[in-house]
2 protein chains.
Amino acid sequence: MTEAALPAVTPTTGTPETPEEPGTREEPETPGPSEPSRHERRKRATRAAVRDAALRLAVRQGVERTTIEQIAAEADIAVRTFFNHFSGKEEAVVAAAAVGAEAFVAEFRSRPPQESVLRAIREAVLVAMDRHDAVGRDHIRALRLMRGTPSLMPQQMAVLTVQEDALAAAIAERIGPDGGPGPGRLGRAVHARLCAAASLAALRIVLDRWLAGTADSDDPPPLDVLRAEADAALAQLAAGLDHPGRPDGG
Amino acid sequence: MTEAALPAVTPTTGTPETPEEPGTREEPETPGPSEPSRHERRKRATRAAVRDAALRLAVRQGVERTTIEQIAAEADIAVRTFFNHFSGKEEAVVAAAAVGAEAFVAEFRSRPPQESVLRAIREAVLVAMDRHDAVGRDHIRALRLMRGTPSLMPQQMAVLTVQEDALAAAIAERIGPDGGPGPGRLGRAVHARLCAAASLAALRIVLDRWLAGTADSDDPPPLDVLRAEADAALAQLAAGLDHPGRPDGG
DNA sequence: CTGCAATGATGCACGACGTGCAAAGTGCTG
DNA sequence: CAGCACTTTGCACGTCGTGCATCATTGCAG
């Protein structure tokens with residue numbers, strides 16, 4: 001399981017956004033039109049540092065015993081700055097869960113256009129899972145933290161909603177403009193969002209079950225079980241919830 | 001639209017749980033085994049009073065400008081007591097959204113056993129919507145508050161999760177024990193939860209769209225549009241997301 | 001290079017929030 | 001009635017959240 005394994009509910013204990021040391025990196029002469037300014041990059045780096053510090057502390061000592069002051073100290077910022085980035089510690093802890101989701105949506109966008117929506121989602125999920133096979137202890141601990149801390153649940157669900165937005169937008173583009181063969185009685189936007197929401201819910205459910213089945217072991221759980229269940233749940237959505245076991249035909 | 005119209009995202013501005021005046025109600029000689037104790041009834045009444053006060057104040061002046069002290073005063077309790085019931089003001093405001101959901105699940109449970117899962121859900125939704133046809137101004141205001149206040153979203157999603165639990169349990173009972181004809185490649189529990197989560201997501205999405213379409217009007221929105229879209233979305237889940245427009249056959 | 005505007009970080013103040021604890025009030029049982 | 005369980009309450013106090021002004025960094029124009 002990797003950072004990009006599943007949207008939303010998959011935190012990372014490392015950061016792909018390495019905080020930049022001022023002055024230690026060679027600067028391009030002129031930033032390209034789509035390249036973030038230094039301001040923007042520093043801001044993102046600070047945010048990532050805070051997010052990762054929050055998760056580290058929460059894994060180490062539990063969310064309830066983690067204070068914002070500790071997070072700020074760990075990230076080497078002022079407490080006041082913490083609130084420039086997050087509304088509270090739960091949001092910071094959970095923010096790590098969002099890290100891999102952009103890659104998942106990008107993978108979905110790059111699927112061949114002839115694949116059906118749910119087929120493309122299924123493939124994107126499998127690709128994301130296959131990206132790395134290493135399952136680290138720290139990673140499992142973070143997942144378990146998320147699952148075992150009720151106070152994190154609202155923010156986890158909120159993160160899921162943001163990702164639902166992104167996936168729905170990608171699906172809407174895939175379906176194409178209204179008037180096409182697409183969504184039948186539902187409008188395109190509703191259909192896209194329905195696919196996104198249902199798929200993400202399926203992934204959430206499957207991940208939760210998988211983690212539940214591994215609660216008492218320090219060993220990395222069998223990833224192929226998770227992979228198979230995710231695929232089966234998505235296939236079920238494709239084929240129809242009133243038709244259990246039906247081949248999805250997608 | 002009524003209290004029981006849709007699960008989770010439908011608040012009420014009145015309370016079906018009338019706070020009891022101590023000493024003004026005749027007591028049965030002995031509480032039955034399933035009848036709540038007075039302790040329990042008082043606790044529930046307090047909770048309902050707080051919840052309703054929170055929603056009233058939030059509708060009146062906005063969530064951000066509503067303090068816990070105001071809510072406590074409005075509900076005539078101590079601030080300390082507020083925290084015996086809710087973790088924060090957002091949870092209190094959103095708690096009203098959960099009021100009608102038990103009735104919806106009960107309606108689902110009472111559907112004829114030969115109906116498919118999604119058919120039973122569809123029928124329960126339609127029954128719940130038809131229970132009352134009056135759409136009050138206060139009610140629409142509450143719905144719009146929920147939609148227009150980002151800080152409420154995590155707690156709204158959390159409420160949805162609780163109701164997903166309840167609906168999934170009901171669905172699992174309906175499906176029957178594992179080993180039956182039921183869920184195919186997915187286990188019974190996963191299938192039940194998948195149905196619950198996807199259905200509730202559909203209702204959430206449809207309600208959101210409906211409210212978006214009524215944002216600029218004080219008039220009650222056309223309820224039959226909401227009814228039709230909810231039914232169409234659930235039918236789509238029944239028939240398969242990769243088969244837009246397919247009759248659901250359920 | 002200098003000046004200026006924009007932006008993020010920071011210190012500070014202070015009201016609001018969240019929690020533990022003990023006391024008071026209420027309800028139930030024997 | 002006494003004892004016990006449960007809910008509410010007052011209080012203390014650390015933590016949190018926000019507004020505001022200042023500082024530091026960055027990017028741009030002249």
Side-chain angles (χ1 to χ4, degrees), chain A residues 19-25 27-33 35-50 53-54 57 61-73 75-93 150-151 154-155, chain B residues 19-33 35-50 53-54 57-58 61-73 75-93 150-151 154-155:
Chain A
E20 285 165 1
E21 293 287 337
T24 63
R25 177 167 164 179
E27 296 308 322
E29 292 261 357
T30 309
E35 184 165 321
S37 65
R38 174 157 307 182
H39 269 304
E40 183 63 26
R41 280 181 280 129
R42 291 190 59 144
K43 179 178 169 182
R44 289 179 185 176
T46 302
R47 190 175 191 279
V50 175
L57 284 164
Q61 61 190 26
V63 174
E64 313 305 327
R65 288 174 49 200
T66 297
T67 64
I68 290 173
E69 187 171 351
Q70 291 170 342
I71 298 171
D76 196 26
I77 58 162
V79 171
R80 183 63 186 80
T81 301
F82 176 91
F83 293 103
N84 290 347
H85 297 273
F86 299 105
S87 66
K89 66 180 181 182
E90 286 86 3
E91 192 190 341
V93 172
S151 64
Q155 290 292 339
Chain B
E20 285 166 2
E21 294 286 337
T24 63
R25 179 168 163 178
E26 195 148 342
E27 296 307 325
E29 292 261 358
T30 309
E35 183 165 322
S37 66
R38 168 148 316 167
H39 268 307
E40 183 62 29
R41 280 182 277 129
R42 291 194 56 148
K43 181 179 172 182
R44 288 178 188 179
T46 301
R47 190 176 192 276
V50 176
L57 284 165
Q61 62 190 28
V63 174
E64 312 307 327
R65 288 173 52 200
T66 296
T67 63
I68 290 173
E69 188 172 349
Q70 292 170 341
I71 298 173
D76 196 28
I77 58 164
V79 170
R80 182 65 187 80
T81 301
F82 176 91
F83 292 103
N84 290 346
H85 297 274
F86 299 104
S87 66
K89 67 180 177 181
E90 285 86 5
E91 191 190 343
V93 172
S151 63
Q155 290 292 339

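Chain A is the first sequence line, chain B the second, and so forth, proteins listed ahead of strands; every chain is numbered from 1. Only this structure's heavy atoms are used, side chains among them; waters, hydrogens and symmetry mates stay out.
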C:dG27 OP1/OP2 closer than 4.0 Å to side-chain N/O of B:R42: yes

Integer-rounded Å distance: C:dG20 P and B:N84 CG: 11 Å

A:D76: side chain to side chain donor-acceptor pair (under 3.5 Å) partners, not counting sequence neighbours: none

Considering all heavy atoms, the nearest A:A53-A:I71 contact: CB-O, 4.0 Å

A:E69 atom CD: more than 12 heavy-atom contacts under 6.0 Å: no

Distance test, side-chain N/O of A:H85 to OP1/OP2 of C:dA9, below 4.0 Å: yes

Listing time: all N or O pairs from protein to nucleotides 3-6 of chain D that are below 3.5 Å?
none

Contacts of B:Q70 that satisfy side-chain contact (heavy atoms from CB on, under 4.5 Å) - sequence neighbours left out: B:L57, B:Q61, B:T66, B:T67

Phosphate OP1/OP2 of D:dT8 contacted by B:T46 side-chain N/O (<4.0 Å): yes

Candidate pair A:R47 and A:F86, rule side-chain contact (heavy atoms from CB on, under 4.5 Å), full reasoning: CA-CA 8 Å; A:R47 190 175 191 279; A:F86 299 105; 3.3 Å; yes

Spacing between A:Q70 atom CD and D:dG14 atom C1', to the nearest angstrom: 13 Å

Interatomic distance, A:R41 CZ vs D:dT25 P [rounded to whole Å]: 16 Å

Which nucleotide in C:dG8, C:dG11, D:dT8 has an atom nearest any side-chain atom of A:A78: C:dG11

Heavy-atom check, side chain of A:E90 versus side chain of A:P154, under 4.5 Å: no

Per-nucleotide protein contact string for nucleotides 13-18 of chain C, where B marks a base within reach and S marks sugar-phosphate only (heavy atoms under 4.0 Å, - for neither): ----SB

Rounded distance [0.5 Å steps], CD in B:Q155 versus CD in A:Q155: 8.5 Å

Phosphate-side-chain proximity, B:S37 and C:dG27, N/O vs OP1/OP2 below 4.0 Å: no

Atom-pair distance (CD1 on B:I77; P on D:dT7), nearest Å: 14 Å

Rounded distance (Å) that lies between atom P of D:dT8 and atom CD of B:E40: 10 Å

Partners meeting side chain to side chain donor-acceptor pair (under 3.5 Å) with A:E91 (sequence neighbours left out): A:S87

Listed partners of B:A72 passing side-chain contact (heavy atoms from CB on, under 4.5 Å), at least two apart: B:I77, B:V79

